[in-house]
Amino acid sequence: MEELVTFCKTRGFVYPSSEIYGGFAGIYDYGHYGILLKNNIQKEWMKSMVQKRSDVYALDSAIFMHPTTWKASGHVDGFNDPQVDCRTCKARMRADHLLEEHGIDADKATLEFLNEHLDALKKEGKMKCVSCGGTDLTPARTFSLMVKSNMGSPLDQLSEENVVYLRPETCGGIYLEYKNTVNSLHPKLPFGIAQVGKAFRNEIVARQFIFRTREFEQMEMQYFLHPDDMEISYEKWHEYRWQWYLDLGITEEELKWVGHTKLVFYASKAYDIKYHFKCMKKFDEVEGIHARGNYDLTQHSTFSGANLEYFDQARNEKFIPHIMETSVGLNRLMLMFLDHAYTKEQVNGEERIVLKLDKRLSPIKVAVLPLMKKDGLSEKAEGVCQQLREKYMCEFDASGSIGKRYRRQDEIGTPYCVTIDYDTLKDESVTVRDRDTMEQERIAIKDLKSYFASHVGDCV
Ligand code: GAP
């Protein structure tokens with residue numbers, strides 16, 4: 001993990017936020033290549049979830065919503081994690097995770113259960129701070145994951161009445177716009193609403209780089225349906241989402257489905273897609289697929305008084321639709337793709353680092369490199385680069401030896417390097433080098449557009 005974190009920082013993918021002030025735990029900024037990679041992952045998700053389907057609509061709802069939204073959803077009262085503090089070094093730990101390290105299943109356990117088992121382990125001398133190894137730990141306490149802000153009150157009168165929450169998940173906005181979507185787009189059941197956006201959680205422990213952060217992005221789709229269609233829709237989405245990972249180069253061996261052992265009372269099914277993170281040496285969750293019943297719309301209907309029933313003409317029936325959701329973290333996916341792609345190879349006795357990203361995800365599609373910075377090669381290369389920029393994210397690089405420049409592009413996952421040399425000036429042809437095979441071929445400048453159209457396709 002340390003190696004990947006350093007790589008991301010030094011190569012312009014991810015920076016620790018507010019570093020010049022000493023950093024800000026659990027928050028990260030995305031640099032030039034990071035944002036391009038993240039955007040490409042998002043684009044592939046939108047393409048698969050909205051563009052390629054006739055039954056899913058897009059949405060971008062606000063981060064701030066009426067505070068009752070989170071009362072209705074149960075988040076204000078129940079979106080908590082159990083926290084234990086080390087009195088010696090002040091480290092914060094998740095009580096359930098501490099017990100799980102001792103083989104005790106503490107998922108969604110009560111404080112009573114947690115403290116009983118923590119006390120027993122303390123007596124045996126087995127309960128230690130994960131940071132300093134100290135044994136002076138507080139009992140487990142409830143810690144709200146909701147991030148609060150204040151809206152519309154003067155600075156000297158900040159009040160509970162004006163509390164607003166930064167959304168802890170993006171699906172809340174989808175539930176609130178279900179009615180407007182039905183009334184404006186008139187979709188037939190089953191249909192979905194998909195959105196990508198920021199979410200905020202006051203995570204107790206946020207120290208696995210961008211795997212778990214306090215500000216992050218989610219890509220969620222809520223599929224509204226008649227309860228009779230839940231089973232079949234769940235199976236279809238299960239398969240559809242799995243295939244998305246395989247299509248982008250993740251292998252079957254790196255993935256597995258894990259069913260939730262404890263379902264919330266309104267859910268009938270919940271499975272996570274787990275990916276094997278080399279950087280953490282373990283499988284962990286990237287995406288959840290949940291059959292949520294009609295709990296969400298029923299709660300919002302009760303709390304708002306709005307009628308959220310749907311009239312199904314085909315069935316001649318009025319009911320509150322049930323929901324099947326797919327929910328995935330964009331930043332977590334970015335870590336997954338980086339983890340998968342980060343490769344070290346021996347080439348002619350030297351190590352090369354290469355990001356073997358699917359071309360659709362690569363931040364830069366083509367790098368244009370003049371062999372020398374003289375005799376008009378740079379100017380020629382800039383011209384070629386400018387032409388390709390019309391269609392692709394390109395980079396011009398003239399600094400350092402050609403070998404070093406190839407290595408730099410390998411490291412950021414650029415699938416093709418175009419080299420302008422002395423022959424180019426004579427015959428208007430260039431060398432195109434493939435990132436993975438490192439093979440080179442000679443292509444006429446006039447054919448570059450069609451070459452990349454067939455090798456890179458429509459992705460920019
Ligand atoms: N609407 C359902 C929901 O939010 P979740 O399991 O809490 O379910 C879904 O979150 C996904 O969001 C996770 O699988 C993960 O990829 C991502 N996610 C959740 N918390 C995160 C965090 N603190 N940092 C980064 N990603 C997170």
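Numbering of ligands and ligand atoms starts at 1, following listing order. Just so you know, these numbers come straight off a predicted model, no measurement behind them.
Between the side chain of N331 and the main chain of I210, no donor-acceptor pair closer than 3.5 Å is present.
When all heavy atoms are compared, the tightest approach of F64 to M151 is CD1-CE, 3.3 Å. Of all heavy-atom pairs between M230 and A291, the closest is SD-CB, 3.8 Å. For the pair E254 and G249, the tightest heavy-atom approach, listed with the atom from each and the gap, is OE1-O, 4.5 Å.
Taking the six-membered ring where the residue is Trp, H238 and Y234 present tilted rings, their angle falling between 30° and 60°.
Salt bridge status for D397 with R408: present, with a side-chain N to carboxylate O gap under 4.0 Å. In this structure, E325 pairs ionically with R292, as a charged nitrogen and a carboxylate oxygen lie closer than 4.0 Å. Salt bridge E231/K269: present, at least one basic N to carboxylate O contact under 4.0 Å.
Contacts with ligand 1 closer than 4.0 Å are made by side-chain heavy atoms of Q218 only, the backbone lying farther away. Under 4.0 Å from ligand 1, the heavy atoms of E203 that appear belong solely to its side chain.
Near E169, meaning under 4.0 Å from any of its heavy atoms, are these atoms of ligand 1: 1 (N), 2 (C), 3 (C), 4 (O). Atoms of ligand 1 lying under 4.0 Å from any heavy atom of C171, numbered from 1 in the order shown and given with element: 1 (N). Within ligand 1, counting atoms from 1 as listed, the ones closer than 4.0 Å to a heavy atom of E285 are 6 (O), 13 (C), 14 (O). Those atoms of ligand 1 with a heavy atom of E325 less than 4.0 angstrom away are 1 (N), 2 (C). Here is the list of ligand 1 atoms found below 4.0 Å of a heavy atom in E220: 1 (N), 2 (C), 3 (C), 4 (O). Within the listing of ligand 1, atoms 14 (O), 15 (C), 16 (O) sit less than 4.0 angstrom from a heavy atom of V286.
Shortest contact from atom 20 (N) of ligand 1 to any protein heavy atom: R201 NH1, 3.3 Å. The nearest protein atom to atom 25 (C) of ligand 1, hydrogens excluded, is given as F211 O, 3.2 Å; this is a heavy-atom distance. For atom 8 (O) of ligand 1, the closest heavy atom belonging to the protein is S327 OG, 3.9 Å. Among all protein heavy atoms, the one lying closest to atom 24 (N) of ligand 1 is T213 N, 3.0 Å.
Shown here are the ring-ring contact (aromatic ring centres under 6.0 Å, His included) partners of F265, two or more places apart in sequence or in another chain: Y295.
When Y275, F200, F216 are ranked by how near their heavy atoms come to atom 26 (N) of ligand 1, first place goes to F216.
For H290, no nitrogen or oxygen atom sits less than 3.5 Å from a nitrogen or oxygen atom of ligand 1, counting backbone and side chain alike. The shortest N/O to N/O separation between V328 and ligand 1 does not fall below 3.5 Å.
Side-chain N/O atoms of Q195 and T170 include no donor and acceptor closer than 3.5 Å.
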